[in-house]
Amino acid sequence: MSLVPPASGPAPAPAPAPAPVDLVGPVVDWFDEHARDLPWRAPDRTPWGVLVSEVMLQQTPVVRVEPAWRAWLGRWPTPADLAAAPTADVLRAWDRLGYPRRALRLQECARVLVERHGGRVPDDEDALLALPGVGAYTAAAVRAFAFGRRAVVLDTNVRRVLARAVDGEALPAPTQTRAEVERARALVPAQDATAARWAAASMELGALVCTARSPRCGQCPLVSSCAWVAAGRPGDVHAHRRRTQAWHGTDRQVRGRVMALLRGSPVPVPRHVLDEAWPATPQRARALAGLLADGLVVEVAAGADEAPAYALPG
DNA sequence: AATGCGGGGGA
DNA sequence: TCCCCAGCATT
């Protein structure tokens, strides 16, 4: 067989682009060996269980989600169960997973499922995206992991794997770009089952091997083709644009303090008790106003000559 | 595109 | 200490 075009006839087609290295095969094979045994991957999982796990995992690490997820599903095994629960119970069960607005939205989501989807989780992309607290990532993840459907699952792990293996960069850009989504889409296998497997496998590789710090390249199924390794593992070109989120003394810390106080109190908390929780008055007022606006805290009517008290809603 | 939004644990 | 973690909603 010769690659030389015939001397006559139509002009030769332009040389085809070099065949892209297969990322899917090695990563899926690696996953078959190294996948963690997580409860939301168990055969008896439900779509609702998968959805709950995905919402909890939005910015909270797996090790902290796992026990919370077990307790949550034991208490509210279906959307109808969560929809009927007092919101204060929901926020207390959320405990310290962080970003308690997620708990509020998860309950709103359960109520929408009951009212508009017969108490079931839909497998339709648009229906999922319309649910409170469900964005592009979560909708895709639920489709892939709960229903085994093809979806573009692009989370922080997959972004990092592709930034390294394909772009040769240490870390992806701080904010996700349209081009990244399109590239990820082009990589997703055509078959539903394979696509769902690739989604789980690429995320797992990022979580266990291709980690943000101290990646374990010696254990990586892509090491021989990785552009970042080939380039000598250069530093992060986006480092100058990453701002570290301040924490101490921020409104967020005050909000967290107030929520912890209210979670721990079976009765409404008078204003003066909150005053002791955080001495800086303008900041405390700002945080409280924000919590009230978010619906995470309600003001409880007090006696005629008493200062107001505060509690979790519902 | 940029911000605000919790909390904890490993490097 | 710093930084990262299966993001979302709002501006």
Side-chain angles (χ1 to χ4, degrees), chain A residues 31 35-36 38-41 49-69 91 94-106 108-109 128-146 151-161 170-181 184 196 199-208 210-216 236 238-239 241-263 286-287 289-291 293-296:
Chain A
F31 185 63
R36 285 171 293 181
L38 299 171
W40 46 86
R41 289 176 178 167
V50 172
L51 175 52
V52 170
S53 79
E54 292 303 337
V55 173
M56 287 184 171
L57 287 163
Q58 292 168 1
Q59 299 289 279
T60 303
V62 167
V63 288
R64 291 175 53 203
V65 165
E66 189 166 345
W69 184 89
L91 289 170
W94 194 258
D95 196 35
R96 291 177 297 188
L97 289 179
Y99 296 139
R101 293 191 293 198
R102 289 184 292 163
L104 233 40
R105 293 189 184 123
L106 186 55
E108 293 167 15
C109 176
L128 285 165
L129 273 174
L131 297 171
V134 175
Y137 163 76
T138 302
V142 169
R143 262 178 69 80
F145 303 148
V152 183
V153 179
L154 189 60
D155 78 325
T156 187
N157 290 302
V158 180
R159 292 187 67 218
R160 187 173 55 250
V161 168
L171 293 170
T175 52
Q176 182 177 295
T177 65
R178 178 84 46 163
E180 254 184 297
V181 178
S202 54
M203 286 175 59
E204 193 82 333
L205 186 68
L208 298 183
C210 194
T211 54
R213 284 174 295 186
S214 310
R216 301 164 174 83
D236 175 21
H238 306 289
R241 292 188 48 215
R242 302 186 197 279
R243 290 176 306 97
T244 82
Q245 291 178 317
W247 170 243
H248 289 285
T250 61
D251 289 4
R252 286 162 69 185
Q253 187 182 20
V254 185
R255 286 170 59 107
R257 184 89 48 114
V258 170
M259 287 299 290
L261 203 55
L262 299 188
R263 279 197 309 267
R286 210 162 52 232
L291 290 170
D294 287 345
L296 287 164

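Just so we're on the same page: letters track the sequence lines, and every chain starts at 1.
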Both A/Asp251 and A/Arg178 contact DNA chain B. Taking the nearest nucleotide for each, which residue is further toward the 5' end?
A/Arg178

Using a 4.0 Å heavy-atom cut-off across all strands, classify A/Ala207 as base, sugar-phosphate, or nothing.
nothing

A/Arg242 near the nucleic acid: base, sugar-phosphate alone, or nothing, with a heavy-atom cut-off under 4.0 Å?
nothing

Under-4.0 Å side-chain N/O to phosphate OP1/OP2 contact, A/Thr138 with C/dG7:
no

Measure the distance from CG on A/Leu104 to C1' on B/dC5 and round it to the nearest whole Å.
13 Å

Using whole Å, what does the distance between atom P of nucleotide C/dC5 and atom CG of A/Asp155 come to?
9 Å

At their closest point, which heavy atom of A/Val50 faces which heavy atom of A/Val142, and how far apart are they?
CG1-CA, 4.4 Å

Options C/dA6, C/dC8, B/dC5, nucleotide nearest the side-chain atoms of A/Val62
C/dA6

To the nearest Å, give me how far apart CG (A/Leu154) and P (C/dG7) are.
10 Å

P spacing across the pair C/dT10 / B/dG6, given as an integer number of angstrom:
15 Å

Under 3.5 Å on both distances, the Watson-Crick or G-U partner of B/dG6:
none

Which is more 5' along DNA chain B, the nucleotide nearest A/Pro100 or the one nearest A/Thr175? Just name the residue.
A/Thr175

Ignoring backbone atoms, test whether A/Thr60 places a side-chain nitrogen or oxygen under 4.0 Å from the OP1 or OP2 oxygen of B/dG6.
no

If you check the A/Arg101 side chain, which of B/dA11, B/dG4, C/dA6 turns out closest?
B/dG4

Under 4.0 Å between a side-chain N or O of A/Gln59 and OP1 or OP2 of C/dG7?
yes

Side-chain contact test, heavy atoms from C-beta onward, threshold under 4.5 Å: evaluate it for A/Leu296 versus A/Leu262 and give yes or no.
no

Are any of A/Arg241's side-chain N or O atoms less than 4.0 Å away from OP1 or OP2 of B/dA2?
yes

OG1 on A/Thr60 to CD on A/Glu66, rounded to 0.5 Å:
14.0 Å

Within the 4.5 Å heavy-atom criterion, are A/Trp40 and A/Val62 side-chain neighbours or not?
yes

Heavy-atom check, side chain of A/Asn157 versus side chain of A/Arg160, under 4.5 Å:
yes

Considering only C/dC4, C/dA6, B/dC5, which nucleotide approaches the side chain of A/Arg255 most closely?
B/dC5

By the 4.0 Å heavy-atom rule, please label A/Trp40 as base, sugar-phosphate, or nothing.
base

Interatomic distance where CZ belongs to A/Arg159 and P belongs to C/dA6 [whole Å]
13 Å

A/Arg213, nearest nucleotide to its side chain (from B/dG7, B/dG10, B/dG6):
B/dG10

Just how far, in rounded Å, is P of B/dG4 from OH of A/Tyr99?
11 Å

Touch class at under 4.0 angstrom, heavy-atom based, for A/Leu106 against every strand present
nothing

Would you mind telling me which of B/dG7, B/dG6, C/dA6 lies closest to the side-chain atoms of A/Arg96?
B/dG7

For A/Arg160 and for A/Leu131, find the nucleotide of DNA chain C with the closest heavy atom, then tell me which residue's nucleotide is more 5'.
A/Arg160

Interatomic distance, A/Asp294 CG vs C/dC8 P [rounded to whole Å]
17 Å

So, do A/Arg41 and A/Glu204 sit near enough that their side-chain heavy atoms are less than 4.5 Å apart?
yes

Do the side chain of A/Arg102 and the base of C/dG7 come within less than 3.5 angstrom through a donor-acceptor pair of N or O atoms?
no

Can you give me the closest heavy-atom contact between A/Arg64 and A/Leu97, atom names plus distance?
O-CD2, 3.8 Å

For the pair made of CD in A/Gln176 and C1' in B/dA1, what is the distance, rounded to whole Å?
13 Å

Quick one: does A/Arg252 reach the base of B/dG6 with a side-chain donor-acceptor pair under 3.5 Å?
yes

Once you apply a heavy-atom cut-off of 4.0 Å, does A/Ala212 come out as touching a base, just sugar-phosphate, or nothing?
sugar-phosphate

C/dA6 versus B/dA11 - spacing of their P atoms, nearest Å
14 Å

Could you give the CG-to-C1' distance, from A/Leu57 to B/dG8, as a whole number of Å?
15 Å

